[in-house]
Amino acid sequence: MRVVIVGGGSAGWMAAAMLSRMMGRQLDITLVESDDIATVGVGEATIPPIQHFNRVLGISETDFLRETGGTFKLGIEFENWLEQGHCYMHAFGGLGKEMGLSPFHHSWLRAVAHGRNDSLWDFSLNYQAAKANKFQPLSSIPNTKLPGLVHAYHFDAGLYAKYLSKLSRGWGVKRVEGLIEQVNLRQVDGAIESLRLRSGEQVEADLYIDCSGFRSLLLGSALKVEFEDWRHWLPCDRAMAVPSERIAPLQPYTRSTAHRAGWRWRIPLQHRTGNGLVYCSEYLTEEQASVLLMEQLDAPALAEPRLIHFTTGRRKQQWHKNCVALGLASGFLEPLESTSLHLVQSGIVRLLKLFPRQGWVQQEIDEFNRQSQTEFEQIRDFIILHYALNRREEPFWQRCRDMPIPESLSQKLALFAKTGKVFREQDELFTEVAWQQVMLGQGIQPEAYHPMADALSEAQLNELLDSLRTIFAGTVQRLPAHDEFINSYCASSSTFC
Ligand SMILES: Cc1cc2nc3c(=O)[nH]c(=O)nc-3n(C[C@H](O)[C@H](O)[C@H](O)COP(=O)(O)OP(=O)(O)OC[C@H]3O[C@@H](n4cnc5c(N)ncnc54)[C@H](O)[C@@H]3O)c2cc1C
């Protein structure tokens, strides 16, 4: 089968690498990219499943981090989101200790209700290590049955695309440089027939993968698949990004700091720090955004700030006829929970699981679209949660607080507020522990805890919590500094250019 991938950003090269690796010579893969159209040029923070993607590709962690200037990530810190001066973390990994069927946070809720003043994050090893700037891979805590650290990465997505391009071409992918000027549709069924490049060359395939970025050249422009706009839930529509010099120490976590009309990110890489402001253009001009971004850099800028326009939402079908869209061509959710590259990854995996034998089968397409829709909506709800429960005073934040939220989210919040209970939908990306941290972090104080948490006596509970705190503190103390570990394990020669 002939496959053409349009676009050589992270989405295009991730798709090329995985399809060529998994399907081998059964597919004749061509990737078309244009030197005249830049990639989006941002995308630095990820979530833990990216490890699996690299493993399947056979990429070692050290090579990957060296090639992409990458660092380790243990979670995302949210500063000023609830209100100015408040801070919490969505730390990856678990909390406390497995308590049979009773999630650990119920025991913590009980302890707090009875007068203890521990923070939930005293029982997150990831949080403790992150705030101490410590890291090394740790699958479990030695001499205990407790799990260790769960990590993702910060890396330069442009360098990742370059690296995957080199690997993919070794695995048989053909690269064509050229600007696509026309997408020709078949008369008979309206599917894509061919692409005409500026050079006059025609490129034909059985399956087209649209990774053309926000343009959505094939799925959106040519096939006219509608875009579902979610700005009424997520009103930010601009980002301004700027790299700055690396500073020490390298923090093993992403920082997301709310400002008067959105938030800013700070992502430490080996060769630079990625910074950006996400904002709503109704409340902040481009000039104000630039001042806000630049005045709060913690090291000299390495380039001029760059403005990116976006609209939050998704294409109503992400696979239509003989065209599947991945990455920005399929939809966009702001990078608050670092989910875009993950959506590329899961789209590729979904495509491979439903890969057509020949032609296309409508049931496969419907299943792909159903799963993609669910995944996008679940992530959307998780992102809205951060905005909806704020207590900030500025007009932008008041608007976020007053906005109606999806029914699926309001049910989840109400259940947690009343009972402390939270459930992960089937196959949902975010774990119960992730939901707990953000709901508590955004100020929900559950009225009750699960009766199973009463199974221990008060003395037993206190002993358990004290011993967990001691174990976590001792474990973190023995970890090397994140910088030290990077230097010895995967130091990169990448420089900013
Ligand atoms: C502000 C912002 C911050 C982000 N931060 C994160 C983050 O922290 N973590 C994360 O996971 N994701 C993040 N993302 C998303 C992430 O950057 C993208 O999902 C990812 O890079 C994939 O982009 P892409 O390949 O779909 O598109 P692009 O990088 O835009 O690539 C599009 C490609 O299509 C080609 N093309 C377009 N038109 C034509 C044509 N006519 N002919 C030929 N070629 C064409 C271009 O040359 C280019 O190669 C962020 C996105 C934004 C906007």
Side-chain angles (χ1 to χ4, degrees), residues 4-16 30-47 49-50 53 73 76 152-162 164-165 175-183 195-199 201 203 209-222 236-242 254-256 262-267 269 274-279 289 293 305-312 315 318 325-348 379 429:
V4 165
I5 299 169
V6 171
S10 338
W13 284 113
M14 282 171 77
T30 303
L31 184 144
V32 184
E33 63 181 324
S34 168
D35 289 345
D36 292 343
I37 301 181
T39 60
V40 69
V42 274
E44 294 151 338
T46 56
I47 51 178
I50 186 79
F53 192 80
K73 169 176 173 182
I76 307 170
Y153 311 108
H154 301 124
F155 60 89
D156 185 323
L159 294 177
Y160 187 45
K162 235 188 214 167
L164 292 179
S165 161
R175 173 187 181 267
V176 172
E177 194 287 313
L179 185 85
I180 297 164
E181 279 192 334
Q182 194 173 313
V183 180
L195 311 174
R196 186 168 56 75
L197 308 190
R198 187 163 54 187
S199 62
E201 188 183 343
V203 183
I209 304 185
D210 185 353
C211 299
S212 62
F214 286 129
R215 283 177 177 77
S216 197
L217 194 66
L218 309 190
L219 192 79
S221 300
C236 287
D237 57 359
R238 301 277 190 282
M240 196 175 274
V242 69
T254 304
R255 273 170 57 194
S256 160
W263 59 280
R264 62 187 296 135
W265 75 77
R266 183 185 175 283
I267 301 175
L269 307 181
N275 308 275
L277 207 73
V278 172
Y279 65 97
L293 174 65
R306 206 161 53 80
L307 182 69
I308 301 161
H309 291 235
F310 64 80
T311 305
T312 297
R315 295 279 155 196
Q318 288 165 329
L326 296 170
L328 303 174
S330 69
F332 183 64
L333 284 162
E334 61 187 74
L336 186 59
E337 283 284 351
S338 316
T339 44
S340 293
L341 290 169
H342 177 78
L343 282 166
V344 174
Q345 168 181 347
S346 62
I348 294 169
I379 296 174
L429 176 60

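Counting convention: from 1, in listed order, for ligands and their atoms alike. Everything quoted here is computed from the prediction, not taken from an experiment.
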Examine the proximity of ligand 1 to Trp265 and report which part, side chain or backbone, both or neither, has a heavy atom under 4.0 Å away. side chain
Donor-acceptor contact below 3.5 Å, side chain Gln182 vs main chain Arg196: no
Can you name the residues that form a side chain to side chain contact (heavy atoms under 4.5 Å, CB included) with Glu33, not counting sequence neighbours? Trp13, Leu31, Arg175
Ile180, any N or O under 3.5 Å of ligand 1 N or O: yes
Taking Leu218's backbone N and O only, do any of them form a donor-acceptor pair with Asp210's side chain (distance below 3.5 Å, no angle check)? yes
Nearest to atom 27 (O) of ligand 1 by heavy atom, Gly9, Gly274, Ser216, Gly213: which? Gly213
I'd like to check whether Ala38 has a polar contact with ligand 1, where a contact means an N/O of the residue lying under 3.5 Å from an N/O of the ligand. no
Applying the side chain to side chain contact (heavy atoms under 4.5 Å, CB included) criterion to Leu195, which one of Ile180, Thr30, Val176 satisfies it? Ile180
Checking heavy atoms under 4.0 Å, the part of Leu217 that sits near ligand 1 is side chain
Classify the contact between Ala241 and ligand 1 as side chain, backbone, both or neither, using a heavy-atom distance cut-off of under 4.0 Å. neither
Report yes if some heavy atom in the side chain of Ile50 is under 4.5 Å from a heavy atom in the side chain of Gln345; otherwise report no. yes
Report yes if Thr339 has an N/O atom closer than 3.5 Å to an N/O atom of ligand 1; otherwise report no. no
From His154, Glu337, Glu44, residue fulfilling side chain to side chain donor-acceptor pair (under 3.5 Å) relative to Thr254: His154
Please check whether Gly41 reaches ligand 1 - meaning an N/O of the residue sits under 3.5 Å from an N/O of the ligand, judged on distance alone. no
Nearest non-hydrogen contact to atom 4 (C) of ligand 1 from the set Ser221, Pro335, Ala239 belongs to Pro335
Are any of the N/O atoms on Gly327, whether in the backbone or the side chain, positioned under 3.5 angstrom from an N/O atom of ligand 1? no
Check for me whether the distance between the ring centres of Phe332 and Phe214 falls short of 6.0 Å. yes
Counting heavy atoms only, which of Leu341, Val40, Val183, Ile267 comes nearest to atom 28 (P) of ligand 1? Val40
Around atom 8 (O) of ligand 1, find the nearest protein heavy atom and jot down its residue, atom name and distance. Ala45 N, 3.1 Å
Protein contact of atom 49 (O) of ligand 1 - nearest heavy atom, named by residue and atom, plus distance: Gly8 N, 2.8 Å
For atom 13 (C) of ligand 1, closest protein heavy-atom neighbour: Gly43 CA, 3.5 Å
What pair of heavy atoms forms the shortest contact from Arg306 to Val40, and how long is it? NH2-O, 2.8 Å
Of all protein heavy atoms, the one nearest atom 15 (C) of ligand 1 is Ser340 CB, 3.3 Å
Heavy atom to atom 16 (C) of ligand 1, shortest distance: which of Val6, Leu343, Val42, Leu307 holds it? Val42
Looking only at distances, please establish whether an N/O atom of ligand 1 is found under 3.5 Å from an N/O atom of Leu328. yes
Best match, Ile5, Ile37, Val278, Ile308: closest heavy atom to atom 46 (C) of ligand 1: Ile37
For Ser212, the ligand 1 atoms whose distance to one of its heavy atoms is below 4.0 Å: 32 (C), 34 (O), 37 (C)
Would you check the N or O atoms of Ser10, main chain and side chain alike, for any that come under 3.5 Å of an N or O of ligand 1? yes
Part of Glu334 within contact of ligand 1 (heavy atoms, under 4.0 Å): neither
